[in-house]
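By convention in this document, chain letters (A, B, ...) are assigned in the order of the sequence lines, proteins followed by strands, and residues within each chain are numbered from 1.
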Amino acid sequence: MMEVCGSSNVTLREFGCEQSLLSRPDGSASFIQGDTSVMAGVYGPAEVKVSKEIYDRATLEVLIQPKVGLPSVRERSQEQCVRETCEASLLLSLHPRSSLTLILQVLHDDGSLLSCFLNAACMALMDAGLPMSCLFCGVTCAIDADGQIITDPTAAQEKQSRALMTFAIDSTEHRVMMSSTKGSFSVYELQQCIAVSQKASEKIFQFYRDSVRRRYSKTL
Amino acid sequence: VHPPCFVQPRTAEPLEYHRSFLKENCRSDGRELSEFRATTLNIGSISTADGSALVKVGNTTVICGIKAELTNTTVETPGKGYIVPNVDLPPLCSSRFRPGPPGEQAQAASQFIADVIESSEVIQTEDLCIERGKLCWVLYCDIMCLDYDGNVLDACIIALLAALKNTKLPEVIINTETSTPEVNLEKKQSLHIHKHPVGASFCVFDDSILIVDPTSEEESLSTAQLTVVTDEEGQLCSLHKPGGTSLPGEKLQECISRATTRQREIQKLVDKVINSVKTAQ
C-alpha cells in the first residue's frame, strides 16, 4: 500500500502514505514527505468526559507527540492549528456528545513538519471513515534569501530561509483554511506563496485519490 | 401583539441575535464591521518593572511588564541576548479559564507572541549582548490579561510594543581587573526598537462576513479567526489563522489592508503616549 509521487514544475519531495497500519485505533495512517515522517491515529466517536462534552457536536482533541521529550508550547500551538482545521472539515454535529481523539506521533522531522501533520491527520480521518465536508492538505513554502519560493522545504532549507509559511488548503474550492507563518514578507510574496500552495495542493489531492483508489480496488 | 418574552434574545439565541445586526451591516455594540473598539494606552504603570504598559481595547485589558536580568550567553548564540515572552490568562479575566497550569489558549498565545518578536525583529537580540560569549541581557516579558473580552492577541502585541519602548536598561561595565560586571544605575538607556509590529484580528461569521476586533461573545460564535501582523514598512510579520472555515484571496487582501491602516493608527498612539511621558518628566 506504499506509493510514491514524482515531481514536475511545483517540486514536492517524494510522498508516501500507508493507511490502517495500526490495529487498535479506529483509523490510522503514516505519512512521509521526503525524510519527514508522521504517524497518526484516530479514536472515536467514543464516550466523552463530562467536562469536555459539547451538547451539539463532538469534541475533538489533538495530541502531538514529539520524537524526543515531552510536548512543549510549540506543539500546543501546532495542536491548535491542526485541531481547528480538522474541526472545520469534519461534520462534528453528526456525533453530538462524543469524543474524537487524534494522535500525531513524529517519527522523523526533516522540515515541513506542520504540513506533514495535516496530511497525516487527513489520511487518518479518512481511514476512520468519519464524515467530512471536504478534505484538506498542508503545504509549506519557504522564501530563500534570493526571494525564490521553495515548496516542501527540508530542515536545512527551512533554516536558511527568510520566511516560512504553512497553509492548509481545502479540496473543494482550494482556499486557505489555516495559515501559520514565520519571518517577514511582502503582500506580493504572500500572494505568490498562496498561489504556489494551491497548485501544490492539487498534486497532493491527486496523491490522496490514487492511494485510496489503490487501497480499495481489487484489480491493482 | 408579541407574546411576553421572559428570555432575552441575546441569551436564548445568541447567533440569531448577532446575525440580525450583521444583516444591517452593524454590530450589537453599535460598531461598524471594520471598526475597532476605543484603544487606550498607559505606559510605565508598574514602577518596579524595567518597562511596562497597560492597554485597553474596549473592555479587554492587558498589562505587560518587562524585567531585565543579566545572564550568561548560550553556547549556540554567543553574540545574542534573548527575550522570553509569556502570556498569562488567569481565572480572574474570564470564567472560561480555570486555575492551574496554563491552558492551550494561553500557551498558543505565548508561542504566537514569541513568533511575532522573532519574525518582526522588533528588537535585534545582538543589542542585548554585553560581552560576546559571556554576558547578555534576558528580557522577561510577562503579559497578563486582566479582563478578557476578545481580541487578546492584538492587545498583547500593543502592550508588548509599548512596554519595550518604555524599557530602560542600566549601563553595564565589565571590570577588567576582577572581570565582574558593574551596573551603573545612574546611566540608563532606552532599548533600540527596530520595527513596530501591530496586529489586527478578524472573525468570520457564517463563513463569509468579516468583522474586526471581535468581542469574546463574537469570538465564540464565529467560524474562523485570523490575525494579521504588519510593521511600518507594510511588510507582513505574521498571518496567523489557526484553522476554521476557509477564506478566499480577496477577503485576505481586505484583512491585510485594514491591518496596515491599524498599524499606522497604533504606532501614532504609542508615539504620542511615549512623547507625553517624556515632556511630563
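Contact count versus chain B (heavy atoms, under 4.5 Å) is highest, among A:Leu190, A:Leu164, A:Thr172, for A:Leu190. Of the listed residues (A:Gln191, A:Met177, A:Met165, A:Arg74), the one with the most heavy-atom contacts under 4.5 Å to chain B is A:Met177. Per-residue heavy-atom pair counts under 4.5 Å with chain B were compared for A:Glu79, A:Arg83, A:Arg162, and the maximum is reached by A:Arg83. Interface check for chain A: of the options B:Ser238, B:Ser119, B:Cys237, the most heavy-atom pairs under 4.5 Å are formed by B:Ser119. Highest contact tally toward chain A, considering only B:Gln105, B:Lys195, B:Glu118, is held by B:Glu118 [criterion: heavy-atom pairs under 4.5 Å]. Comparing A:Ser186, A:Ala195, A:Ser89 by how many heavy-atom pairs each has under 4.5 Å with chain B, the most go to A:Ser186.
Around CZ of A:Arg209, the count of heavy atoms belonging to other residues, nucleotides or ligands within 6.0 Å does not exceed 12.
Using a 3.5 Å distance cut-off with no hydrogens or angles, the side chains of B:Gln107 and B:Gln111 do not pair a donor with an acceptor. A donor-acceptor contact closer than 3.5 angstrom is absent between the side chains of A:Lys199 and A:His174. Between the side chains of A:Gln157 and A:Asp144, no donor-acceptor pair is found at a separation under 3.5 Å. Under 3.5 Å, the side chains of B:Ser208 and B:Asp206 contain no donor-acceptor pair of N or O atoms. Looking at A:Asp152 and A:Ser112, their side chains do bring a donor and an acceptor atom within 3.5 Å of each other. Under the 3.5 Å distance criterion, with hydrogens and angles disregarded, no donor-acceptor pair is assigned to the side chains of B:Asp115 and B:His240. Side chain to side chain, A:Tyr43 and A:Glu61 fail the donor-acceptor criterion of an N or O pair below 3.5 Å.
Heavy atoms closer than 4.5 Å to chain A are found in the side chain of B:Gln253, but not in its backbone. B:Leu236 touches chain A through backbone and side chain together, each having a heavy atom under 4.5 Å away. Looking at A:Glu87, there are no atoms closer than 4.5 Å to chain B (heavy atoms on both sides), in backbone or side chain. At a 4.5 Å heavy-atom cutoff, A:Gln78 makes no contact with chain B through either its backbone or its side chain.
Partners of A:Gln206 by side-chain hydrogen bond (donor to acceptor under 3.5 Å, both in side chains), not counting sequence neighbours, listed by chain and number: A:Asp210.
A cation-pi arrangement is found for B:Arg262 relative to B:Phe36, the charged atom lying closer than 6.0 Å to the ring centre and inside a 45° cone about the ring normal.
Note that CG of B:Asp142 and CD1 of B:Ile63 are 11.0 Å apart. Values are rounded to the nearest 0.5 Å.
Pairs of residues two or more places apart, or lying in two chains, that qualify as side-chain hydrogen bond (donor to acceptor under 3.5 Å, both in side chains) and include a residue from residues 77-96 of chain B are B:Thr74-B:Thr77.
With hydrogens and angles disregarded, no donor-acceptor distance shorter than 3.5 Å links the side chain of A:Asp127 to the backbone of A:Gly129.
Identified by a heavy-atom distance below 4.5 Å to chain A, the contributing residues of residues 242-252 of chain B are B:Pro242, B:Gly243, B:Gly244, B:Thr245, B:Ser246, B:Leu247, B:Pro248, B:Leu252, in residue-number order. Interface residues of residues 216-235 of chain B toward chain A, defined by a heavy-atom distance below 4.5 Å and sorted by number: B:Gly234, B:Gln235.
The one candidate from A:Ser115, A:Ser180, A:Ser161 that meets the side chain to side chain donor-acceptor pair (under 3.5 Å) condition with A:Thr140 is A:Ser115.
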